[in-house]
2 protein chains.
Amino acid sequence: MKIGELAERTGASIRSLRYYERQGLLAPMRQENGYREYSVLAEEQVRTIRFYLALGLSTEQIAGFLHCVLRNKEAFCEEVLPMYQQKLEEIDGQIRLLNQIRANLKDRISSILLERNQGQEEKI
Amino acid sequence: MKIGELAERTGASIRSLRYYERQGLLAPMRQENGYREYSVLAEEQVRTIRFYLALGLSTEQIAGFLHCVLRNKEAFCEEVLPMYQQKLEEIDGQIRLLNQIRANLKDRISSILLERNQGQEEKI
DNA sequence: TTAAACCATGACATTAATGTCATAGTCAAG
DNA sequence: CTTGACTATGACATTAATGTCATGGTTTAA
């Protein structure tokens, strides 16, 4: 199939499909006229790529194990587990930071509301 | 004081101090030779700017209320509370998204470890 | 054969604060 | 007077996936 059909089937934009190819995640054949020709397997492959992207992995990380997970169960790919664990720590760090900021914001909001209420009471 | 001294006192880089100025957050005088001359108040002002930046607000947002909070208690600045509340929602959204990804990652990790253990048991 | 729809490539934009470099003027101490 | 430490401005880079535009070749249906 050609790139437009693959884009429609997978939900990825044509631009993204070309990008995945440049990042080494897809390798379509070429027709005589230069058009990309994707096998039926490409559809599942693109879904897989997008699944990992949604998990927060970079195309570079995905390129490190995609060839393996396309042929085996994920558990057989040694590269995957450490990458997941690293990503998990990264995300935990981000969540911690956001929670700190969140707590700070809530404090500020509370103290503003408190001060305003006290200001009101003084006027009674 | 000159920019180097202010940078050292506040921990902000010289580059950042010039950037804050361009964003309308700082307005130092100029000496005859063109050098920036900061008043002693600038030090507190920069700390305030960096405090709000650390809360995740943008320089543009900060510019919207900085003049007020420098002269009054924060609670008197009408612009601040809605900005805090908006930022809080934004951060809650980010935390929710990260938690989803986190849950997904933990699932993948669990199932990989489970499959590997089962694989081991079959060899017993 | 012609217009519409598709494809290719390459370039530029996006976001926001900061780093870094190049070039050049200023000042202070020796 | 000269050298080193400061300062000024402007430009470019960073990050990563995606959008968008320009230009031009290809195909297909009328």
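Lettering follows sequence order; numbering is per chain, from 1. All values below come from the heavy atoms of this structure, side chains included, with hydrogens, waters and symmetry mates left out. The model shown is predicted, which means the values in this text are computed figures rather than measured ones.
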So, OP1 or OP2 of D:dT7: does either fall under 4.0 Å of a side-chain N or O from B:R36?
no

Options D:dG19, D:dT9, C:dA8, nucleotide nearest the side-chain atoms of B:R18:
D:dT9

Distance test, side-chain N/O of A:T59 to OP1/OP2 of D:dA17, below 4.0 Å
yes

With hydrogens left out and only the distance checked, is there a donor-acceptor pair under 3.5 Å joining B:R15's side chain and the base of C:dT20?
yes

Quick one: is D:dT18 close enough that its OP1 or OP2 comes under 4.0 Å of any side-chain N or O from A:R50?
yes

Specify the separation, in whole Å, of atom CE of B:M1 and atom P of C:dC27.
19 Å

Return yes if the base of C:dG25 and the side-chain atoms of B:Y35 contain a donor-acceptor N/O pair under 3.5 Å, otherwise no.
yes

Would you please confirm or rule out a distance under 4.0 Å between OP1 or OP2 of D:dA17 and any side-chain N or O of A:Y19?
yes

When rounded to whole Å, the CZ to P distance for the pair B:R22 and D:dA8 reads 13 Å

Would you measure the distance from the C1' atom in C:dT14 across to the matching atom in D:dG10 and give it in whole Å?
22 Å

Could you tell me whether the side chain of A:R116 and the main chain of B:A75 form a donor-acceptor pair under 3.5 Å?
yes

Pairwise P distance for C:dA17 and D:dG19, with rounding to whole Å:
24 Å

Check the distance between C:dA17's P and B:Y52's OH and give it to me in whole angstrom.
16 Å

Quick one: do B:R18 and B:E21 make a salt bridge, cutoff under 4.0 Å?
no

Can you check whether B:S58 has a side-chain N or O nearer than 4.0 Å to OP1 or OP2 of C:dA16?
no

salt_bridge(B:E115, A:K73) N-O dist < 4.0 Å
yes

Would you say B:E37's side chain and B:P28's backbone share a donor-acceptor pair under 3.5 angstrom?
no

Between B:S16 and C:dT18, is there a contact of a side-chain N or O with OP1 or OP2 at under 4.0 Å?
yes

Atom CG of B:L57 to atom P of C:dA17: distance rounded to whole Å?
10 Å

Nearest-nucleotide wise, let me know which of B:Q23 and B:K2 is further upstream toward the 5' end of DNA chain C.
B:Q23

In whole Å, what is the span from the CD atom of B:E32 to the C1' atom of C:dG25?
15 Å

Below the 4.0 Å mark, does D:dG25 have OP1 or OP2 next to a side-chain nitrogen or oxygen of A:N33?
no

Atom-pair distance (CD on A:E21; P on C:dG10), nearest Å
12 Å

Group every Ile, Leu, Val, Met, Phe, Trp and Tyr by side-chain heavy-atom contacts under 4.5 Å, then state whether B:V46 and B:F51 land in the same group.
yes

